[in-house]
Amino acid sequence: MTKKKKKRIVTQSNNRCKGCRFCEISCPAEAISVSSEVNAKGYNYMEIDHKKCTTCGVCYTVCPDYVFEIIEVA
Amino acid sequence: MTEKRIPKTLVEDNKFCPGCGHGIINRVLAEVLEEMELVDMAIGSVAVGCACLMIDTFGTDWVQAAHGRAAAVACGIKRVRPENFVFTYQGDGDSLAIGFSETMYAAVRNENITAFIVNNGIFGMTGGQMAPTSLPGQRTTTSPAGKDPSLAGQPLNIINQMRQLPIAYLARGSVGSFKEIIKLKKYIKAAVTNQIEGKGYGLVEILSPCPTNWKMTMRGALDHMGDNVKNFFPTGEFIKEGVHTDA
Ligand SMILES: Cc1ncc(C[n+]2csc(CCOP(=O)(O)OP(=O)(O)O)c2C)c(N)n1
Ligand code: SF4
Ligand SMILES: [Mg+2]
């Protein structure tokens, strides 16, 4: 029996973002860019292009502000 | 590959500036303490500097020592509560300027504590004064023409100071790139393990950006770390389980 592979997705808490751009600099798929919108703290937060994103998790690792999580969905 | 969830130990958003390395180090330390099931056993000792912003947001027990004295306080806590995991978390100004003696003597005595020193080359919280770790030529508010080593000394290298001591673990990591953050987590885990196994003093120095006081963008700060900071402060493990490495 083959197990159904779970899908990984990146979730974002945009109001935590301080717009430092470490994720944009580090993303190997160049899937992250800065938004023209500002969040509740007044920072331009980061946007992920989910078509380019490979859910590698680099953004989770480099982010100083706990914006990203990688979660599995059924 | 597994999920990556923000550690629950980070009970509130941190209060550091945009791009500050302290936030990454906080998260990596929280991951390690959770993976090793030490959160409820952990007592942290901070003193002053941006490190002490974490006592409100990082969900372990904390004691705030006087400026520079975090290691002395941690030694006292560990001696009376040997069953707890006891660590210091300090900036370079705090631990290596006014607190140099306390930092060194905890290692000289091979106290069974774990020290984390965040080297951002500057006094961050107070607005960017020169630290013992500031690089030659570095402009700070107290060295506006650039640090002159003939007046202020060469950057203080705590790893070199401690290399000959009979301690359990000694490493220098960095949060300057994804790969280095992955390595840093291994170093932190190894240092923590040495205390839990009763092997003695462990120190991890961590190179960290302070874009605010370096007056740099994030990219500029990361480039500066790779091009300049690491020349003075090479990374790696220097003592493992009491054995000196060739690094
Ligand atoms: C007795 C005393 N003297 C001076 C200060 C001012 N002071 C606050 S933080 C700090 C140094 C912070 O630098 P560092 O330890 O490198 O931490 P960072 O903010 O860079 O992470 C100083 C000197 C103080 N709090 N107490
Ligand atoms: S002043 Fe520097 S060390 Fe302090 S929170 Fe801001 S970036 Fe971090
Ligand atoms: Mg500092």
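Worth knowing before you read on, the calculation uses all heavy atoms, side chains too, and leaves out hydrogens, waters and symmetry mates. Order of the sequence lines fixes the chain letters, A, B, ..., with proteins taken first and strands second; residue numbering starts at 1 for each chain. Bear in mind that the values here come from a model prediction, so they are computed numbers and not experimental data.
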Which region of [X], side chain (C-beta onward) or backbone (N, CA, C, O), has a non-hydrogen atom less than 4.5 Å from a non-hydrogen atom of chain A, or is it both or neither?
X: B:Glu31; answer: side chain
X: B:Lys179; answer: neither
X: B:Leu222; answer: side chain
X: B:Thr217; answer: neither

Interface moiety of A:Cys63 toward chain B, non-hydrogen atoms closer than 4.5 Å: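 Backbone of A:Cys63 only, per the 4.5 Å heavy-atom cut-off to chain B.
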Atom group of A:Phe68 that falls short of 4.5 Å from chain B, counting heavy atoms: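 For A:Phe68, backbone heavy atoms alone lie under 4.5 Å from chain B.
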Main-chain N/O of B:Glu3 paired to A:Glu72 side chain as donor or acceptor, under 3.5 Å: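 Checking the backbone N and O of B:Glu3 against the side chain of A:Glu72, no donor-acceptor pair under 3.5 Å is found.
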Donor-acceptor pair, side chain of A:Arg8 and main chain of B:Thr2, under 3.5 angstrom: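 Yes, because the side chain of A:Arg8 sits within donor-acceptor range (under 3.5 Å) of the backbone of B:Thr2.
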Max heavy-atom pair count under 4.5 Å with chain B, selected residue of A:Val10, A:Val62, A:Thr61, A:Asn15: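 Option with the greatest count: A:Thr61.
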When rounded to the nearest 0.5 angstrom, what distance separates [atom1] in [X] from [atom2] in [Y]?
X: A:Asp65; Y: B:Arg27; atom1: CG; atom2: CZ; value: 10.5 Å
X: B:Asn14; Y: A:Lys18; atom1: CG; atom2: NZ; value: 4.0 Å
X: B:Phe178; Y: A:Cys23; atom1: CZ; atom2: SG; value: 13.5 Å
X: B:Arg5; Y: A:Ile70; atom1: CZ; atom2: CD1; value: 10.5 Å
X: A:Tyr66; Y: B:Thr57; atom1: OH; atom2: OG1; value: 6.0 Å
X: B:Met218; Y: A:Ser26; atom1: CE; atom2: OG; value: 8.0 Å

For the student: nearest non-hydrogen atoms of A:Glu69 and B:Ile6, plus distance: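 Shortest heavy-atom contact: OE2-N, 2.6 Å.
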Nearest atoms (heavy-atom pairs only) where A:Tyr60 meets B:Pro7: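 Looks like OH-CD, 3.9 Å.
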Are there more than 12 heavy atoms of other residues, nucleotides or ligands under 6.0 Å from atom [atom1] of [X]?
X: B:Lys240; atom1: NZ; answer: no
X: B:Lys183; atom1: NZ; answer: no
X: B:Asp223; atom1: CG; answer: yes

Top of B:Leu10, B:Val175, B:Ile182 for chain A proximity - count of heavy-atom pairs under 4.5 angstrom: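 Option with the top pair count is B:Leu10.
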Flag side-chain contact, heavy atom, 4.5 Å: B:Phe16 against A:Pro64: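 Not in contact.
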